[in-house]
Each structure stands twice: as C-alpha cells, then as structure tokens.
Novice: 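To start, I am sharing the structure in question, which I have written as structure tokens.
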Amino acid sequence: DSVGEGDVCIPILDAKNYHKEMWNPFHDYVWGGEIMGMKLEIESADKEAYCPGLDCAINCNLALINVAKSTPIYDGGGLHRHFNPGAGAISPYHNGTTMVTRTIP
C-alpha cells in the first residue's frame, strides 16, 4: 500500500559551491540527489533532493521507520528544458510515492 499522494521533489544543486559560509536550512530534510534519480542535472556531486511533505518527516525521524521512500518519476510536463521558458518554473520530479513496509497503528 502507499501513503499519501506522492511528493514532488525539488533539486538543490551545487549549494555548497555558491553558499559556502551560509547555513543550509534544508540540511536535515533532503535526500541524496543521485539516490532520488537526479543524475543528469550537473556534473558536480553536490546534488540533493528536497521532497516537501511526508518524505521530509520520514527523513528526519528515522527511529519510526514503517514506510519506505521510492524514487520520483521524471516528467517534464510536456515542456522541453531548452525551448520552453516555463520549464524552469516546475520541478520535473513528481510522484515520489511512500510505501508501507510494516503495519501503521
């Protein structure tokens, strides 16, 4: 079974390079970008995925694991990243479904 409707995942790319001295408010709420399927955005290894919603709660309370995170689906919504200016306004990573791994009381 799945929980929720599936989260959108927002790539955070190269944050350490551009904000060296700044504290990252997303630090405790992000997943590794490559684990979440974000492999082609940039050549840097500094890729993180911010998935607001249920997956943020899961990522910061590992003691209560009874659900598992899946990789979001890449879908550009029919917009081409090189030709459609609106493509930059959305994240192409959607439907990061959370699956139940054991009974939730």
Novice: To the nearest 0.5 Å, tell me how far D75 CG sits from S91 OG.
Specialist: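 Rounded to the nearest 0.5 Å, the CG-OG separation comes to 10.5 Å.
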
Novice: Any chance you could measure I12, atom CD1, to Y50, atom OH, to the nearest 0.5 Å?
Specialist: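 One gets 8.0 Å once the value is rounded to the nearest 0.5 Å.
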
Novice: Any heavy-atom pair between the side chains of I73 and H94 that's under 4.5 Å?
Specialist: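 They are not in contact (no side-chain heavy atoms under 4.5 Å apart), so the answer is no.
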
Novice: Of L79, V8, I10, which meets side-chain contact (heavy atoms from CB on, under 4.5 Å) against I90?
Specialist: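 Considering L79, V8, I10, a side-chain contact (heavy atoms from CB on, under 4.5 Å) with I90 is found only for L79.
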
